[in-house]
There are 2 protein chains.
Amino acid sequence: MTVLQGPLADRDAWSAVGQCPIEKTMSLLGTKTTMLLMREAFYGTTRFEDFWRRVGVTKAAAAARLSELVDAGLLERRPYQEPGQRRRDEYVLTDAGRDFMPVVWAMFEWGRRHVDDSRLRLTHLGCGEEATVEIRCAAGHEVPADELGMRLVRGR
Amino acid sequence: MTVLQGPLADRDAWSAVGQCPIEKTMSLLGTKTTMLLMREAFYGTTRFEDFWRRVGVTKAAAAARLSELVDAGLLERRPYQEPGQRRRDEYVLTDAGRDFMPVVWAMFEWGRRHVDDSRLRLTHLGCGEEATVEIRCAAGHEVPADELGMRLVRGR
DNA sequence: CAGGATCCCTAAGGATACTG
DNA sequence: CAGTATCCTTAGGGATCCTG
């Protein structure tokens, strides 16, 4: 599995490292509804009504989670106006929101392979090939489980 | 964003597709404790005591989530015996568990970049380069948000 | 060390009704 | 359409005590 390097070798001496980013991410966005709202945003949904109906939750739940997503910076409220209607807001992805795609699609892929047996496939529209979520290094190698390590950098 | 192709173009006509794998994955494994237990498993933790202590939860919570992970097939109980001690079980990753790595490390990466500002970095031990979680197609292209689509395959 | 049992608390959601 | 307000239920988790 993941190997801990240098000062990290002793898993119990991690106090200097601080709270884990996984924990912070889960505390902020770790509910089923939140993941499904992000899925919808990736599918192109922007209107409140479409969000709660497609995700299958009540308006109250959708409103609460959408506000959290806006506060966390993954979605942005943008005003729009339909002819003859009053001004409303729609929810659009920010860069931080788009950056969340690997999380959502990694869950999709795991579920598809190990529980769901779904017929849906992620696709690269550019070339038509199937797409997957993978761990890869800056040199371009795909990183298998036993070659993945954790390192502590200094400064920022 | 993600573009829906062919019969999927109308997001509201998805009844044939069935329940989303993301939803199933979150229903099964969507708690903070579960994610942190998987993080520990990736770090190499196998003993019950280490799990609950390092994740920072009570033994009751750890036992409940670990059992779920075993039932879901991500961890496996394996008997071991220390000299002079009774037989106990340790928890080791299965293939399905290793397959869950992109989910956990994608969360890690998002949190590190957008909330935590952590000094930890994923590393490819083979070459020493930094590793990230990315979406890539079978032809080897990295897939940007606006080139990711969803397709419905037939049969299995 | 590896749990199971009990009691209490909190966050997330469902249902339903109401407003601009 | 886009929410807000209220009431209720449930799952996850903390604390504490007990057992093999």
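To find a chain, count down the sequence lines: A is the first, B the second, and so on, and within it residues start at 1.
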Quiz prompt | A63(B) side-chain proximity, nearest of dG12(D), dA12(C), dG3(C) | solution = dG3(C)
Practice problem: Have a look at R86(A) and say if it touches a base, only the backbone sugar-phosphate, or nothing, with a 4.0 Å heavy-atom cut-off. | Solution: base
Quiz item: Between W52(B) and Y91(B), is the ring centre distance below 6.0 Å?
Solution: no
Exercise. Could you state the atom-to-atom distance from CD of E23(A) to P of dG12(D) in whole Å?
Key: 17 Å
Exercise. Would you classify F51(A) as touching base, sugar-phosphate or nothing, given that sugar-phosphate means primed atoms plus P, OP1 and OP2, and contacts are heavy atoms under 4.0 Å?
Key: nothing
Practice problem: Kindly indicate whether a cation-pi arrangement holds for R53(B) with F48(B), taking the cut-offs as under 6.0 Å to the six-membered ring centre and within 45° of the axis. | Solution: no
Exercise. May I ask you to establish whether R112(B) and W110(B) are in a cation-pi arrangement, using a distance under 6.0 Å from NZ or CZ to the six-membered ring centre and at most 45° from the ring axis?
Key: no
Quiz item: Does R47(B) or R65(A) map to a spot on DNA chain C nearer the 5' end, using the closest nucleotide for each?
Solution: R47(B)
Exercise. Figure out the CD/C1' separation between E82(B) and dC1(C), and round it to whole Å.
Key: 9 Å
Exercise. Rounded off to whole Å, could you give me the CG-to-C1' distance for the L69(A) and dG3(D) pair?
Key: 17 Å
Practice problem: Taking only the side-chain heavy atoms of R88(B) (C-beta and beyond), determine which of dA2(D), dC1(C), dA12(C) contains the nearest atom. | Solution: dC1(C)
Practice problem: Could you check whether Y91(B) gets within reach of a base, just the sugar-phosphate, or nothing at all, counting any heavy atom under 4.0 Å? | Solution: sugar-phosphate
Quiz item: Is the NZ or CZ atom of R47(B) positioned over Y80(B)'s six-membered ring, under 6.0 angstrom from the centre and within 45° of the axis?
Solution: yes
Exercise. Compare all side-chain heavy atoms of V55(B) with those of E40(B) and state whether any distance is below 4.5 angstrom.
Key: yes
Practice problem: Scan G56(A) against the nucleic acid and name what it touches under 4.0 Å (heavy atoms): base, sugar-phosphate only, or nothing. | Solution: sugar-phosphate
Quiz item: What nucleotide among dA2(D), dA15(C), dG13(D) has an atom nearest to a side-chain atom of T58(A)?
Solution: dA15(C)
Quiz item: Taking R119(A) for the side chain and V153(B) for the main chain, is one N or O donor matched with an acceptor at less than 3.5 Å?
Solution: yes
Self-check item: Residue met sooner reading DNA chain D from 5', once Q85(A) and A60(A) are mapped to nucleotides
Solution: Q85(A)
Quiz item: Would a 4.5 Å heavy-atom cut-off, applied to side chains only, mark P21(A) and M107(B) as touching?
Solution: no
Quiz item: For the side chain of Y80(A), counting heavy atoms from C-beta on, which of dG3(C), dG14(D), dC1(D) is nearest?
Solution: dC1(D)
Quiz item: Can you check the R77(A) CZ to dC1(D) P distance for me, whole Å?
Solution: 18 Å
Self-check item: Distance in angstrom units between R53(A) CZ and dG3(D) C1', rounded
Solution: 16 Å
Quiz item: In residues 31-43 of chain B, which ones come under 4.0 Å of DNA chain D, going by heavy atoms?
Solution: T31(B), T33(B)
Quiz prompt | For atom CZ of F48(B) and atom C1' of dT19(D), their distance in whole Å | solution = 14 Å
